[in-house]
Amino acid sequence: MKKDVVIIGGGIGGLMSGCLLCKEGYRPIIIEQHYKVGGGLHCFSRKGAIFESGMHFVSGFEETGPLRKIFSYLGIMDKIHVQPLDKNRFELVHFGSDNLKVTFGVGKDNFIEILSKQFPHEADNIRNLMDALYRICDQIPLFNLRTSSNQWYLNDETLTPVNVFIEKYIQDKKLQIILAWNNTLYSGSKDETPIYIHAIITKFYVEGASRFVNGSQHVADEMVKMIEAHGGKVILKKEITKIEIEDSNITKVIAADGSEYTGDYYISNIHPAYLMDIIDPANIQKAYRERLQNLENSYSAFIMYIVFKPQSFPYMNYNYFYYKDYNLVWNAINYDLKDFPQGFMAMTSPETFQNEYAKKGMFTCIMRYNDFKEWENTVVGKRGKEYVKLKKEIETRFINLVEEVFPNFKNSIDKVICSTPLTIRDYLKSKEGGLYGYKKNSQNLIKSQVLARTKIKNLFLTGQNINLHGILGVPLSAIVTVGELVGGFDYLVNKINDKQ
Ligand SMILES: Cc1cc2nc3c(=O)[nH]c(=O)nc-3n(C[C@H](O)[C@H](O)[C@H](O)COP(=O)(O)OP(=O)(O)OC[C@H]3O[C@@H](n4cnc5c(N)ncnc54)[C@H](O)[C@@H]3O)c2cc1C
């Protein structure tokens with residue numbers, strides 16, 4: 001008789017846990033509140049253009065990449081469609097103040113060579129920094145899908161704040177800032193975020209920067225097919241609002257419409273703060289509950305999704321970061337709302353048959369939740385005139401800023417859809433619209449660590465708040481979580497690696 005595992009939330013964390021459990025002979029029952037699965041993987045369409053909600057820039061699918069290994073183990077790698085970004089320019093960073101454009105290439109040596117041509121006086125230092133970042137990554141068994149009874153890689157070096165670490169290697173002040181260009185991909189904070197996060201993100205993307213073709217929804221859909229083929233279930237439009245517990249074991253979970261689900265085990269893929277809201281406080285330690293409810297979240301974003309007129313805006317097979325000034329690389333979140341935005345990240349995602357023009361584009365600028373907090377008790381479509389006014393004002397300024405960087409942008413727009421931190425909060429059920437779950441801080445890392453195992457004996461946690469976020473971090477968390485149930489992390493990692 002197969003054991004049933006009820007999984008609350010059908011994001012990549014819940015789906016990946018479900019797939020891994022299927023391979024072990026369990027029967028996952030995934031319960032998702034939205035009308036589509038995927039969480040950050042889900043896509044929406046406007047005027048025939050498919051937009052990703054939270055998975056625009058990926059990696060790990062290259063020949064020896066960790067995600068290729070994981071999806072091959074699941075037997076669905078051939079169904080995942082990715083397009084590598086330009087080898088010699090997967091990212092371009094443009095500074096308005098002196099019009100400098102810096103490019104980054106794929107592959108460690110290529111990255112070093114291309115950047116060294118732009119900063120020849122720092123060539124040795126760039127190599128030394130990249131060697132150090134790669135050395136840090138090598139120390140992390142989880143990131144390398146390597147077995148180890150000891151996952152503990154945190155030490156004085158790996159916990160050094162990113163900016164301090166870079167300054168140890170690089171002399172040129174501008175280059176010190178430029179080399180922190182990707183900190184918005186992990187909600188980085190100066191003097192706070194530990195270098196191991198930067199090292200993982202940098203190495204991960206340098207090794208295989210790519211995008212999903214036609215959006216990320218197909219990845220979620222393929223995982224659903226696998227789960228259903230193994231007898232599992234994915235149930236949509238059911239928001240779990242109550243969890244019943246007896247003798248430190250969950251007995252059932254209950255949805256808003258009253259439907260009930262029971263299993264031998266339960267995995268929560270939802271934000272731990274929201275999980276605490278639906279468990280009776282009598283059943284959970286006060287200190288644990290308060291910690292999960294009060295940990296700081298990563299910042300949010302204002303996003304403009306643009307449908308372009310035919311043949312009007314170039315398709316860029318790279319990410320374009322624009323900053324008005326250098327100080328914004330570390331301070332983009334400390335803006336004055338009336339001047340917002342001062343920079344952005346632009347991405348055009350590929351279609352199945354991509355030509356030189358983009359069908360759609362996404363322009364993102366990181367934003368504080370507090371700027372829209374005033375409307376936090378409202379729901380999508382009913383937030384009131386003042387909310388709509390502020391959103392429109394920001395949209396207009398944002399369009400003007402993009403026009404400064406890409407002349408003729410305005411003329412190329414067919415349709416604009418904007419999302420605020422509240423949109424992200426409500427569609428993805430992400431606390432405070434945070435992009436990446438809990439924020440990682442080198443000063444209080446222990447406090448921000450959330451373990452997969454809980455004091456409720458049959459409840460396990462997974463998702464971006466356990467370990468790392470994103471297309472790599474969340475599947476790795478799922479391996480940790482499912483490992484707790486089926487015989488350990490090493491056991492699962494050996495199986496995944498043996499498949500190669
Ligand atoms: C705007 C944005 C851009 C991003 N860009 C990238 C990127 O380019 N590359 C990258 O790697 N990462 C990116 N990320 C991060 C990435 O999307 C997340 O780390 C990842 O999707 C998190 O997966 P998860 O499974 O932990 O959570 P989620 O994807 O949030 O899944 C949780 C699921 O639980 C469901 N749920 C919540 N509450 C309940 C409930 N009570 N009952 C039932 N279901 C519930 C939700 O609807 C959701 O489907 C981005 C995130 C955002 C917001």
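Each residue takes its place number in the sequence, starting with 1. Order of appearance sets the numbers: ligands from 1, and atoms from 1 within every ligand. This structure is a prediction, so every number in the text was calculated from the model and none was measured.
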Please indicate whether any nitrogen or oxygen in Ile424 is less than 3.5 Å from any nitrogen or oxygen in ligand 1.
no

Ignoring hydrogens and geometry, is there a side-chain-to-backbone donor-acceptor pair from Gln217 to Val37 under 3.5 Å?
yes

Identify the closest protein heavy atom to atom 50 (C) of ligand 1: which residue and atom is it, and at what distance?
Gly54 O, 3.1 Å

For ligand 1, does Lys429 get within less than 4.0 Å through its side chain, its backbone, both, or neither, judged by non-hydrogen atoms?
side chain

Within residues 469-482 or reaching into it, pairs that qualify as side-chain hydrogen bond (donor to acceptor under 3.5 Å, both in side chains) - sequence neighbours excluded:
Thr462-Thr481

Is there a polar contact between ligand 1 and Gly40, counting only N or O atoms under 3.5 Å apart?
yes

Quick one: does Lys87's side chain have a donor or acceptor within less than 3.5 Å of a partner on Asn110's backbone?
no

Under 4.0 Å from ligand 1, counting heavy atoms only, is it the side chain of Lys238, its backbone, both or neither?
backbone

Polar atom proximity, Gly14 to ligand 1 (N or O, under 3.5 Å)
no

Just jot down the salt bridge (Lys or Arg N to Asp or Glu O under 4.0 Å) partners of Glu207, sequence neighbours excluded, or say none.
none

I need the single residue from Val482, Val234, Ile227 that forms a side-chain contact (heavy atoms from CB on, under 4.5 Å) with Pro28. Which is it?
Ile227

Examine the proximity of ligand 1 to Tyr205 and report which part, side chain or backbone, both or neither, has a heavy atom under 4.0 Å away.
side chain

Could a heavy atom of His271 be found less than 4.0 Å from some atom of ligand 1?
no

Are any of the N or O atoms of Gly470 closer than 3.5 Å to those of ligand 1?
yes

Short N or O distance, Tyr427 and ligand 1, threshold 3.5 Å exclusive
no

Can you pull out the closest protein heavy atom to atom 48 (C) of ligand 1? Residue, atom name and distance to 0.1 Å, please.
Glu32 OE1, 3.4 Å

Could you give me the CA-CA distance, side-chain angles and deciding distance for Tyr320 and Phe406, then say whether ring-ring contact (aromatic ring centres under 6.0 Å, His included) is met?
CA-CA 11 Å; Tyr320 198 115; Phe406 298 104; 4.8 Å; yes

Below 4.0 Å, non-hydrogen atoms only: which portion of Ile270 touches ligand 1? Side chain, backbone, both or neither.
side chain

Judged by non-hydrogen atoms, does Tyr436 sit under 4.0 Å from ligand 1?
yes

Could you tell me if Lys455 sits above the aromatic ring of Tyr288, with its cationic atom closer than 6.0 Å to the ring centre and no more than 45 degrees from the axis?
no

Return the residue, atom name and 0.1 Å-rounded distance of the protein heavy atom closest to atom 42 (N) of ligand 1.
Ile240 N, 3.0 Å

Any donor and acceptor pair, going by atom type alone, linking the side chain of Asn465 with main-chain N or O of His271 inside 3.5 Å?
no

Just let me know how Ile471 lines up against ligand 1, side chain, backbone, both or neither, with a heavy-atom cut-off below 4.0 Å.
both

Please lay out, stage by stage, how Phe61 and Phe71 fare under the test side-chain contact (heavy atoms from CB on, under 4.5 Å).
CA-CA 9 Å; Phe61 294 99; Phe71 282 97; 3.7 Å; yes

Given Ser53, Ala301, Gly38, Ser17, identify the one with the heavy atom nearest to atom 1 (C) of ligand 1.
Ser53

shortest atom 10 (C) of ligand 1-to-protein heavy-atom contact is with Met55 SD, 3.2 Å

Any heavy atom of Ile12 sitting closer than 4.0 Å to ligand 1?
yes

Could you tell me if any non-hydrogen atom of Ile303 lies under 4.0 Å from any atom of ligand 1?
yes

What's the shortest distance from atom 19 (O) of ligand 1 to any protein heavy atom, and which residue and atom give it?
Gln464 OE1, 2.6 Å

Return yes when Phe302 approaches ligand 1 closer than 4.0 angstrom through a heavy atom, no otherwise.
no

Among Lys237, Arg211, His469, Gln33, closest by any non-hydrogen atom to atom 45 (C) of ligand 1:
Gln33

